[in-house]
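Here's the structure, in structure tokens; my notes come after.
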Amino acid sequence: MSTSTNTNSLEDIEEDKLEQLQLTLPNKLWLGKYPTYLYQGFWCLVLEPTISFQTHFQAQDSDIILASLPKSGTTWLKFLIFSVINRNKFPDFSKHPLHTQNPHELVLQFELKLYSKIKGSQPDLTKLPSPRLFATHIPYPSLPDSIKTSKCKIVYVCRNPLDTFISLWHFNLKCERDETITPDMIMKYFENFCKGGFAFGPYEDYILGYWDEHTRNPDKVLFLEYEGLKADPSAQVMRLAEFMGCPFSEEEQKASLVEEIIKLCSLDSLKEKDVNKSGKFYDFVENYALFRKGEVGDWINYLNPSMIKELLHDLHEKLKKSGFSFKYYNE
Ligand code: A3P
């Protein structure tokens, strides 16, 4: 924290503003140790990088941005987007970059990576190959204006609340290795999740931000469901390619390229790669923690249906009132 009063470098001014802002925002500890701030209606885990991203990022019309709540299928979509966009660049799948590079190196995250350590300087994104592929967990209303006003495209993936929560729960247990969080605390954490109290929550507001923009402007925001990708991957990958402006030709379809890409990006194949079994991304998350079961409805193994109904009531009501319903999911 800056204590200086007599310097006026841009860095100090920005830091002073940030300190003042932090003092005014409601805050609480996520997982008992990470400060989160209620910023623009969502629980922000990384305030300074978020503001830096909002202030400085300049979108290009050709950019493709993946948006998602954590544990909704981000990793899978990173694999798919990269493979679909670059299918002509890497036609030999036996030598594909996915065998040796982590998805988080191929599709760059804004607030947790690119803007995460910026003090006064910005990442140089001008040399990235076009189309530039990015990812974010920031809700739609808080995205930088240049993303909203340019012609860049947003691919949004959502997942039903129960499997998102269970995936998050396991991820935290795996990553935190914190003995104060024990399996019997699951209901307490679930209640908190339903009240919106988790990083990047509330869940329903997050979905509705992207849903509303998708309904207003379907060419700008593609709305995908994790469950839809599981149920009919070919149809969803074709939608993805069409939306990104690179539809599969008849020849490519006849040559089963869509199916080949789905196979290349499958959980079973990728979780066994050395690059995904070891190492860390964002400096603090182990790669292996990104891959678990990848199933729809796994929540039933952890949560009692009669206990969760009431807790989910408000969340579902809010989604329903806004005209949103999952196309591929029913509890
Ligand atoms: P589970 O914990 O339910 O298994 P994210 O990438 O947004 O963090 O989401 C993680 C979830 O996506 C985890 O779900 C993980 O297993 C699943 N996942 C990761 N890679 C996948 C893939 N290639 N195909 C399907 N699901 C995948």
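Order of listing sets the numbers, starting from 1, for every ligand and every atom in it. Keep in mind that this is a model prediction, so the values were computed, not measured. Computed over heavy atoms, backbone and side chain alike; hydrogens, waters and symmetry mates excluded.
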is_close_aromatic(His170, Tyr302), centroid dist under 6.0 Å: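 Ring centres of Tyr302 and His170 closer than 6.0 Å.
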
Phe57 ring center within less than 6.0 Å of Phe134 ring center: yes

Contacts of Phe165 that satisfy ring-ring contact (aromatic ring centres under 6.0 Å, His included) - sequence neighbours left out: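 Per chain and number, Phe165 pairs via ring-ring contact (aromatic ring centres under 6.0 Å, His included) with Phe190, Phe193.
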
Electrostatic pair Asp63:Lys151 at N-O distance under 4.0 angstrom: no

Show the distances, to 0.1 Å, for all pairs joining an N/O atom of ligand 1 and a protein N/O atom that are shorter than 3.5 Å, listing one pair per line.
from	atom 1	to	atom 2	distance (Å)
ligand 1	2 (O)	Ser167	OG	2.6
ligand 1	2 (O)	Arg292	NE	2.8
ligand 1	3 (O)	Arg159	NH1	3.3
ligand 1	3 (O)	Arg159	NH2	2.9
ligand 1	3 (O)	Arg292	NH2	3.2
ligand 1	4 (O)	Lys293	N	2.7
ligand 1	4 (O)	Gly294	N	2.6
ligand 1	6 (O)	Thr74	N	3.3
ligand 1	6 (O)	Thr75	N	2.8
ligand 1	6 (O)	Thr75	OG1	2.5
ligand 1	7 (O)	Lys71	N	3.0
ligand 1	7 (O)	Ser72	N	3.1
ligand 1	7 (O)	Gly73	N	3.1
ligand 1	7 (O)	Thr74	N	2.8
ligand 1	7 (O)	Thr74	OG1	2.6
ligand 1	8 (O)	Lys71	N	3.4
ligand 1	8 (O)	Lys71	NZ	2.8
ligand 1	9 (O)	Gly73	N	3.4
ligand 1	14 (O)	Arg159	NH1	3.2
ligand 1	14 (O)	Ser167	OG	3.3
ligand 1	16 (O)	Arg292	N	2.8
ligand 1	23 (N)	Cys265	O	2.9
ligand 1	23 (N)	Leu267	N	3.4
ligand 1	26 (N)	Tyr226	OH	2.8

Cation-aromatic face contact Lys153/Phe243, 6.0 Å, 45 degrees: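 Output yes; distance and angle both within limits.
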
Axial cation check for Phe171 ring with Lys71, 6.0 Å and 45° limits: yes

